[in-house]
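Counting from 1, the numbers follow the sequence of the chain as shown. Only this structure's heavy atoms are used, side chains among them; waters, hydrogens and symmetry mates stay out.
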Amino acid sequence: MNLMKQIEELEFALLQSFSNKEDRAWGTLFWNENQPDYYDANHAHVSEQPAHPEQVIDEVKAFYKDLNVIPRFYLYNVEALKSFIALLKEKGFQYESHAQPIQLWNGEITQFPSDANITIEEVTTENYDEALGVECQIKEFGGKEVREKAFQSEFNDPRYTHYLLKYKGTPCSTACLFVHGNQGRVESVATIEGYRGKGLIGRVLEHIQREAQSLDLEKLWVHPINERAEKVYGRCNFNTILTLQTGHAYAGGKSIQEIQGS
């Protein structure tokens, strides 16, 4: 299996952990009407120029309208989709583009000196509310309404393992490991505002790397949301192996850039 196929397989497995999936001739539909504001759970995935682009746009609009969800497209291989993107804009869709770095762990565990102030716990029913409290404060995750439902769905899925870091007993950082086959992906990496800049993310990544090693995973991926995050992961032995140019066309709501504050 080539690299892009591995990345797509893991991406689709992750998306299906919290949404429904249906393949169409032109791409793939993902939806979860119980989480209408969760963009990753509700979008049409397109990576090749459709043979009948206007028909595809009408099909997607009708599909999500029936679910009372804002229609949106996640677009990959955007260089090949220029005419489709132009048509989406003509049809009233707003559009934003992103450079999406894809990083792969090089297999070396990040080493940090021990610090008695820091503890890292696997999230269980006992500390669930503490971990959720951290994630609901992270605006990049879409806010409490989005993250509360998503976190519950992930927690109940055995492919996810969530971790909570406490600094002097205060819950302040989270991350999770999603495992599919022999691949893993680091997700939901976050630190609350008042504790950023202390290197806490590196500690959580070290913990996850050790877990990935114990599980004998062949690959461990991360998809940083911005250049700053990419640099943080880079210092923790995640190498950028490619950067995908992606697009987001949406018929309403906020842009991804607005949600992430970038």
Side-chain angles (χ1 to χ4, degrees), residues 10-11 14 40 98-124 127-144 146-147 150-151 154-155 159-179 183-215 217 219-241 243 256-257 259-262:
L10 186 57
E11 174 79 8
L14 183 79
D40 286 358
H98 307 275
Q100 174 60 71
I102 308 294
Q103 292 182 296
L104 180 63
W105 180 43
N106 66 13
E108 296 180 14
I109 293 177
T110 310
Q111 301 286 343
F112 288 95
S114 61
D115 187 336
N117 294 314
I118 295 173
T119 58
I120 299 175
E121 310 166 354
E122 184 175 327
V123 176
T124 66
N127 58 7
Y128 179 95
D129 289 339
E130 291 180 311
L132 178 61
V134 170
E135 298 207 357
C136 286
Q137 294 181 59
I138 309 302
K139 65 179 185 300
E140 294 90 343
F141 289 173
K144 180 179 179 181
V146 170
R147 195 59 198 141
F151 190 82
E154 293 169 8
F155 182 75
R159 292 172 294 179
Y160 286 88
T161 305
H162 287 263
Y163 301 96
L164 173 66
L165 181 148
K166 295 180 180 178
Y167 185 79
K168 294 183 179 179
T170 300
C172 49
S173 295
T174 60
C176 75
L177 173 62
F178 176 79
V179 175
Q183 297 193 84
R185 184 161 144 181
V186 182
E187 284 287 312
S188 305
V189 182
T191 298
I192 59 176
E193 198 79 37
Y195 288 84
R196 295 179 181 179
K198 296 180 180 293
L200 301 181
I201 290 303
R203 302 280 183 158
V204 181
L205 292 174
E206 176 190 10
H207 190 87
I208 290 176
Q209 288 167 356
R210 294 188 186 280
E211 182 65 16
Q213 189 178 69
S214 72
L215 292 171
L217 296 181
K219 290 185 171 66
L220 179 63
W221 304 89
V222 67
H223 294 194
I225 64 171
N226 54 39
E227 187 177 342
R228 181 182 60 80
E230 182 182 6
K231 290 178 179 177
V232 171
Y233 300 139
R235 292 194 294 269
C236 295
N237 297 322
F238 285 89
N239 299 327
T240 301
I241 58 169
T243 300
I256 293 173
Q257 290 177 345
I259 291 172
Q260 294 179 347
S262 56

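A salt bridge is absent between Arg235 and Glu230; no separation between the charged side-chain nitrogens and carboxylate oxygens falls under 4.0 Å. Under 4.0 Å is where a charged nitrogen must lie from a carboxylate oxygen, and between Lys166 and Glu130 at least one such pair does.
One distance of note links CG of Leu164 with CD of Glu121; it measures 5.5 Å at 0.5 Å rounding. How far CH2 of Trp105 is from CD1 of Ile208: 11.0 Å, rounded to the nearest 0.5 Å. Here Thr124 contributes atom OG1 and Phe155 contributes atom CZ; the two are 6.5 Å apart, rounded to the nearest 0.5 Å.
When all heavy atoms of Tyr128 and Val123 are compared, the pair lying nearest together is CA-CG1, 3.9 Å. The two atoms that bring Gln209 and Cys236 nearest to each other are NE2-O, 2.8 Å, heavy atoms only. Of all the heavy atoms in Thr110 and Glu206, the pair that sits closest is O-CG, 2.9 Å. Summarising the geometry of Ile109 relative to Asn237, their closest heavy-atom pair is C-ND2, 3.8 Å, with the distance given to 0.1 Å. Ser173 and Leu200 make their closest contact through OG-CB, 3.6 Å (heavy atoms, listed as atom of the first residue, atom of the second, distance).
With hydrogens and angles disregarded, no donor-acceptor distance shorter than 3.5 Å links the side chain of Glu154 to the backbone of Cys176.
Summarising the local packing, CD of Glu227 is surrounded by 12 or fewer heavy atoms from other residues, nucleotides or ligands at distances under 6.0 Å.
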* Evaluation steps, salt bridge (charged side-chain N to carboxylate O under 4.0 Å, His left out), between Glu11 and Arg185 -> CA-CA 9 Å; Glu11 174 79 8; Arg185 184 161 144 181; 2.5 Å; yes
